[in-house]
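These notes concern the structure reproduced below.
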Amino acid sequence: MNIVVTGGAGFIGSNFVYYLLNNRPSDKVICFDKLTYAGNLETLEPAQSNKNFKFIRGDIANRQDVETLFENEKPDVIVNFAAESHVDRSIEEPELFLKTNIIGTSILLDACKKFGIKRFHQVSTDEVYGDLPLDRPDLFFTEESPLKPSSPYSASKTSADLLAMTNWRSSKVPVTISRCSNNYGPYHHPEKLIPLVITRALNDKSIPVYGTGLNVRDWLYVEDHCSAIDLIIRDGKAGEIYNVGGHNERANIEVVETILHILGKPESLIEYVTDRKGHDLRYAIDPHKIETELGWKPKTKFEEGINKTVSWYLENKDWWQKIISGEYQNYYQKMYGNR
Ligand code: NAD
Ligand code: TYD
């Protein structure tokens with residue numbers, strides 16, 4: 001199969017590219033990425049020599065780019081990771097999120113309709129369900145939970161999901177959607193919590209913890225997310241939504257303390273800062289459907305995954321040092337300077 005991975009130069013997309021190249025040697029993998037601040041060609045360098053891999057620079061929100069991609073590559077499957085993905089940035093500058101996440105997804109769906117496709121898979125997020133209260137550990141997001149996004153990021157991802165489902169209903173574009181919890185692992189941009197903590201702790205810099213630090217996220221090792229998507233594009237049913245998560249709920253402060261402990265750094269680095277606006281309290285996925293219908297099971301428990309992740313950042317300092325030495329400095333000053 002010809003599989004186009006949009007956003008394949010970012011965190012999860014690049015891990016998915018490697019997952020396919022390692023596990024599906026008969027597939028051709030075409031990465032289509034605009035290379036925004038979050039996309040990094042160095043991440044894909046080891047893939048460039050693989051004859052089953054090709055990189056194309058392009059924008060999902062540009063109809064011409066997308067139609068040329070379909071004409072030249074004749075994809076069987078599109079897996080759409082391409083997105084603006086950071087909640088904090090979306091609160092400051094929502095417009096780009098609407099353009100890429102909503103218009104971009106719509107343009108991809110139009111092309112699927114025009115040229116035909118065996119499967120369009122939309123990589124969505126548990127954030128479309130909003131949040132759960134901290135004092136109700138019995139509650140989890142199911143595929144039937146109401147859509148109640150809290151940030152411009154999650155609102156744009158919700159819109160993209162709705163567009164995908166309406167294209168299935170009205171035009172029979174064979175769509176599937178996965179809604180996954182927070183990922184962590186190699187190639188995660190240092191603007192996000194886990195890599196931010198690792199890279200700042202390694203430089204003996206303060207660790208900004210929003211609000212009380214008690215907000216809960218459900219962490220999934222990125223390779224387990226990749227195996228879920230791989231299964232859905234092959235065995236999942238068109239028109240279906242699958243929640244993906246591994247029951248690894250942790251309060252943010254626990255995550256921060258765990259990383260400091262692994263690195264042998266003092267907890268005095270922790271600095272509580274002003275909370276994120278509209279900060280979601282708790283995310284927690286019920287993965288019953290994908291487990292029972294498709295037989296998916298995550299392999300990596302949080303303790304193992306976080307140790308592997310910390311080791312990766314220790315062994316790949318070049319990768320993240322280049323990122324935090326450039327424009328990222330201005331970003332950090334803007335977002336955290338007066339907090
Ligand atoms: P990321 O920000 O690391 O990567 C996004 C990639 O998309 C980058 O390579 C970027 O260059 C590319 N991109 C951005 N705009 C584009 C455009 N207009 N055209 C083509 N490429 C473009 O994001 P990520 O964390 O890897 O997330 C990937 C997907 O998974 C997103 O759709 C996100 O909503 C979803 N998701 C992420 C998580 C998580 O924990 N990170 C959890 C669930 C779902
Ligand atoms: P993040 O990695 O941005 O993912 P998301 O907002 O999509 O869940 O943040 C994870 C959690 O960590 C979230 O509750 C916000 C919190 N957080 C901090 O406390 N400090 C930080 O510097 C960042 C980036 C996040």
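Predicted model, so just to flag it, every value in this text is computed and none were measured. Each ligand, and each atom within it, is numbered from 1 in the order the structure gives. Note that these values count all heavy atoms, side chains included, but never hydrogens, waters or copies made by symmetry. Start at 1 with the first residue, then count along the sequence.
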Discussion item. Between Arg89 and Glu84 (salt bridge meaning N to carboxylate O under 4.0 Å), is one present in this structure?
Written reply: no
Discussion item. If the threshold is 4.0 Å, N to carboxylate O, is there a salt bridge linking Arg179 and Asp161?
Written reply: yes
Worksheet item: Does ligand 1 have any atom that is closer than 4.0 Å to a heavy atom of Asn182?
Response: yes
Item to complete: Considering only non-hydrogen protein atoms, determine which one is nearest to atom 2 (O) of ligand 1 and report residue, atom name and distance to 0.1 Å.
Response: Ser85 OG, 2.7 Å
Worksheet item: Is Gly8 close to ligand 1, meaning an N/O of one under 3.5 Å from an N/O of the other?
Response: no
Discussion item. With a heavy-atom distance limit of 4.0 Å, tell me whether Asn101 approaches ligand 1 through its side chain, its backbone, both, or neither.
Written reply: neither
Worksheet item: Which is closest to atom 28 (C) of ligand 1 in terms of heavy atoms, Tyr37, Tyr187, Phe81?
Response: Phe81
Fill in: No-hydrogen, no-angle side-chain donor-acceptor test under 3.5 Å, Gln329 and Ser325
no
Worksheet item: Judged by non-hydrogen atoms, does Ser124 sit under 4.0 Å from ligand 1?
Response: yes
Item to complete: Can you sort out the partners of Leu269 under side-chain contact (heavy atoms from CB on, under 4.5 Å), two or more places apart, ordered by chain and number?
Response: Ala201, Ile207, Leu260, Lys265, Pro266
Worksheet item: In terms of residue, atom name and distance, what is the protein heavy atom nearest to atom 40 (O) of ligand 1?
Response: Asn183 N, 2.8 Å
Discussion item. Could you work out, for atom 37 (C) of ligand 1, the closest of Val5, Ile194, Ile12, Val128 by heavy-atom distance?
Written reply: Ile12
Worksheet item: Same cluster for Leu162 and Val123 if Ile/Leu/Val/Met/Phe/Trp/Tyr side chains link at under 4.5 Å?
Response: no
Fill in: Whether Gly58 lies under 4.0 Å from ligand 1, heavy atom
yes
Fill in: Protein residue, atom and distance nearest to atom 4 (O) of ligand 1, heavy-atom basis
Gly10 CA, 3.4 Å
Worksheet item: Looking at Arg282 and Glu249, does any basic side-chain N land under 4.0 Å from a carboxylate oxygen?
Response: yes
Worksheet item: Which of the atoms of ligand 1 are close to Lys157, meaning less than 4.0 Å from one of its heavy atoms?
Response: 31 (C), 32 (O), 33 (C), 34 (O)
Worksheet item: Which residue and non-hydrogen atom of the protein lie closest to atom 25 (O) of ligand 1, and at what distance in Å?
Response: Phe11 CD2, 3.7 Å
Worksheet item: How would you list, by chain and number, every residue that makes a side-chain hydrogen bond (donor to acceptor under 3.5 Å, both in side chains) with Asn203, sequence neighbours excluded?
Response: none
Worksheet item: Charged N to carboxylate O below 4.0 Å: is that the case for Glu254 and Arg217?
Response: no
Worksheet item: What residue and atom, counting heavy atoms only, is the protein's closest point to atom 5 (C) of ligand 1, and at what distance?
Response: Ala83 O, 3.5 Å
Worksheet item: Is a side-chain donor-acceptor pair under 3.5 Å present for Ser181 with Asp126?
Response: no
Discussion item. On a heavy-atom basis, I'd like to know which of Thr36, Asp59, Asn62 is closest to atom 14 (C) of ligand 1.
Written reply: Thr36
Worksheet entry | Mutual orientation of the aromatic rings belonging to Tyr331 and His86 [parallel < 30°, tilted 30-60°, perpendicular > 60°] | tilted
Worksheet entry | Distance-only donor-acceptor check, side chains Tyr210 and Asp88, under 3.5 Å | yes
May I have the N/O to N/O pairs between ligand 2 and the protein that fall below 3.5 Å, each with atom names and distance to one decimal?
from: ligand 2; atom 1: 2 (O); to: Leu193; atom 2: N; distance (Å): 2.9
from: ligand 2; atom 1: 3 (O); to: Arg276; atom 2: NH2; distance (Å): 3.1
from: ligand 2; atom 1: 4 (O); to: Asn182; atom 2: ND2; distance (Å): 3.4
from: ligand 2; atom 1: 6 (O); to: Arg276; atom 2: NH1; distance (Å): 2.5
from: ligand 2; atom 1: 6 (O); to: Arg276; atom 2: NH2; distance (Å): 3.3
from: ligand 2; atom 1: 7 (O); to: Glu127; atom 2: OE2; distance (Å): 2.6
from: ligand 2; atom 1: 8 (O); to: Asn182; atom 2: ND2; distance (Å): 2.9
from: ligand 2; atom 1: 8 (O); to: Arg217; atom 2: NE; distance (Å): 2.7
from: ligand 2; atom 1: 12 (O); to: Asn252; atom 2: ND2; distance (Å): 3.4
from: ligand 2; atom 1: 14 (O); to: Arg217; atom 2: NH2; distance (Å): 3.2
from: ligand 2; atom 1: 14 (O); to: Asn252; atom 2: ND2; distance (Å): 2.9
from: ligand 2; atom 1: 14 (O); to: His279; atom 2: NE2; distance (Å): 2.7
from: ligand 2; atom 1: 19 (O); to: Tyr210; atom 2: N; distance (Å): 2.9
from: ligand 2; atom 1: 20 (N); to: Pro208; atom 2: O; distance (Å): 2.8
from: ligand 2; atom 1: 22 (O); to: Pro208; atom 2: O; distance (Å): 3.4
from: ligand 2; atom 1: 22 (O); to: Tyr336; atom 2: OH; distance (Å): 2.7

Practice prompt. Find out if a path of hydrophobic residues (ILVMFWY) with successive side-chain heavy-atom gaps under 4.5 Å connects Leu44 to Ile60.
Written response: no
Worksheet item: His225 pairs by side chain to side chain donor-acceptor pair (under 3.5 Å) with which of Asn182, Asn183, Asp230?
Response: Asn183
Fill in: is_close_aromatic(Tyr187, Trp312), centroid dist under 6.0 Å
yes
Worksheet item: Heavy atom under 4.0 Å from ligand 1: found in Tyr153's side chain, backbone, both, or neither?
Response: side chain
Worksheet entry | Under 4.0 Å to a heavy atom of Leu35 - the qualifying atoms of ligand 1, by number | 11 (O)
Worksheet item: Using 30° and 60° as the class limits, which term best fits the ring planes of Tyr328 and Tyr332: parallel, tilted or perpendicular?
Response: tilted
Worksheet entry | side chain to side chain donor-acceptor pair (under 3.5 Å) partners of residues 107-117, not counting sequence neighbours, each pair once | Arg63-Asp110, Glu67-Lys114
Worksheet item: Closest non-hydrogen protein atom to atom 42 (C) of ligand 1, residue and atom name please, with distance?
Response: Ser181 O, 3.4 Å
Worksheet item: Is ligand 1 less than 4.0 angstrom away from at least one heavy atom of Gly104?
Response: no
Item to complete: For Gln333 and Asn330, test the side chains for any donor-to-acceptor distance below 3.5 angstrom and give the result as yes or no.
Response: no
Worksheet, complete the sentence: To atom 7 (O) of ligand 1, the nearest of Ala9, Ser178, Gly7 on a heavy-atom basis is Gly7
Item to complete: Decide whether an N or O pair under 3.5 Å exists between Lys192 and ligand 1.
Response: no
Discussion item. Show the atoms of ligand 1 that are less than 4.0 angstrom away from any heavy atom in Ala82.
Written reply: 7 (O), 20 (C), 21 (N), 22 (C)
Practice prompt. Return the residue, atom name and 0.1 Å-rounded distance of the protein heavy atom closest to atom 43 (C) of ligand 1.
Written response: Cys180 O, 3.4 Å
Discussion item. I need the nearest protein heavy-atom contact for atom 11 (O) of ligand 1: residue, atom name and distance, please.
Written reply: Asp33 OD1, 2.6 Å
